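Residue numbers start from 1 in every chain, and the chains themselves are labelled A, B, ... in the order their sequence lines are given, proteins ahead of strands. We use all heavy atoms of the structure for the numbers below, so side chains are in, but hydrogens, waters and symmetry mates are not. Predicted model, so just to flag it, every value in this text is computed and none were measured.
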Protein chains: 2
Amino acid sequence: MSRQMVRPGGRGARVQASVHTAVHELLAENGRETLTVPQIARRAGVTPSTIYRRWGDLQALLSDVAVERLRPDTTPDDHGSLADDLTTWAEHFLDEMSSPTGRAYIRDALLGDPDGGNAGQCSAYAAEQIDTILTRATRRGEKTPDTETVIDHLVAPLIYRILFRPDGLDTTHTHQLVATTLDHT
Amino acid sequence: MSRQMVRPGGRGARVQASVHTAVHELLAENGRETLTVPQIARRAGVTPSTIYRRWGDLQALLSDVAVERLRPDTTPDDHGSLADDLTTWAEHFLDEMSSPTGRAYIRDALLGDPDGGNAGQCSAYAAEQIDTILTRATRRGEKTPDTETVIDHLVAPLIYRILFRPDGLDTTHTHQLVATTLDHT
DNA sequence: ACCTTAAAGCACATTCATTGCGTCTGGTGG
DNA sequence: CCACCAGACGCAATGAATGTGCTTTAAGGT
């Protein structure tokens, strides 16, 4: 139930919004350990039952919030060359995702529905961004790799390190990944 | 607290074993949704307080069990060539990890301690296996990529697809990844 | 303005998480 | 060989969270 069919502007929309912001605030304040449904309900000015009815359980709600917060809010900047665009995007991506908050949201998104519903959405967001960059490069006349190639050799390694080896993250590595990715054209 | 210092053969060891198998069985039977500490305790013939004392909370316990079950039980087979070894290992890896059970264990491992304690352990397991294969190939006189390269361009894409895009998994793709990885020598 | 219907509130029963305290196991030193 | 001691376990109790029937509210259409 991540994609809510709420009458826009109605009471449901207000509740959804206040619950989402309540989750976000409480996560920032106390972390996830002590986060409970009644707590969220109190902060949002709602009763717990409302949350249980709309989202089912805490995990689904967290996953829902996570996906919304992981949605990119802007299209990638245009720096005039594919290499620059990819590098800048990758650095920005790493910045956002490798923070404790970012990692937490990714993990929450992974818990949502067992097959890649919410996680798949996140992946789709990244794919869209990449696609924009690649399309722009193609229009410029540059030779470009496939979106899939970029995902395999740039996005995947970044995410892998973020999730499994938070220590091994540095800018040099990112640049190297961009370079090898561009070899696959 | 994943690495328990239990007196071997004593009561503590029995408790640890029965709790671990209880978790494994209950996960297989009812999935993770309905899994609770008292439930595990009942199945294991233990009281909940024991579990709380030893593991702290459900997540830590799940993470502990996950890491133990994700530990490879055998060294990679030797097929006489790096390409064959890597391909076979990748297919085996994919088989184990892409099952619903495997995915669930990976996600549990990711939840353990916030910085990559348990997840890092899993990554280290994979690195060990890869390292064995690469060392063998070097000893044969083959030209081999770095372990890091294999992780970035083979392991990471596999895991990424397993976690974020369970649909996009096929053998062809795996072979392709092995091929491009071997280009990076 | 009314009517319909989906969503939110309320109250309550059930189950879970968590801790204090006494008991027992099993390794250790005399 | 035996008594001792530290840590681990079981029991029981409490406070909180989960989840559900029933009632009430308000959004959107007629």
Distance check needed: C/dA8 C1' versus A/Arg54 CZ, whole Å only. 10 Å
What is the distance, to the nearest angstrom, from the CD atom on B/Gln39 to the P atom on C/dC16? 7 Å
Does any N or O donor sit under 3.5 Å from an N or O acceptor when you compare the side chain of B/Ser49 with the base of D/dG10? yes
Mind checking whether B/Tyr105 and B/His24 have parallel, tilted or perpendicular rings, split at 30° and 60°? parallel
Take A/Arg42 and B/Val46, find for each the nucleotide of DNA chain D with the closest heavy atom, and name the residue whose nucleotide sits nearer the 5' end. B/Val46
I'd like to check A/Val150 versus A/Leu134 (side-chain heavy atoms, cut-off strictly below 4.5 Å). Are they in contact? yes
In whole angstroms, the gap separating C1' of D/dA16 from OH of B/Tyr52 amounts to 12 Å
Taken to the nearest whole Å, CD1/A/Ile51 to C1'/C/dA7 is 14 Å
Side-chain donor or acceptor of A/Arg53 under 3.5 Å from a matching atom on the base of D/dG21? yes
Using whole Å, what does the distance between atom C1' of nucleotide C/dG26 and atom CD of B/Gln16 come to? 17 Å
Quick one: A/Trp55 CH2 to C/dA8 C1', roughly how many Å, whole number? 12 Å
Which nucleotide sits closest to the side chain of B/Thr50: C/dC16, C/dA8, D/dG10? D/dG10
Search all heavy atoms of A/Ala66 against all heavy atoms of A/Ala109 and return the closest pair with its distance. CB-N, 3.9 Å
Round to the nearest Å and state the distance from A/Asp57 atom CG to D/dA17 atom P. 16 Å
B/His20 atom NE2, over 12 foreign heavy atoms within 6.0 Å: yes
Write down the distance between CG (A/Leu58) and P (D/dG19), rounded to a whole number of angstrom. 10 Å
Is any side-chain N or O of A/Thr36 closer than 4.0 Å to OP1 or OP2 of D/dA17? yes
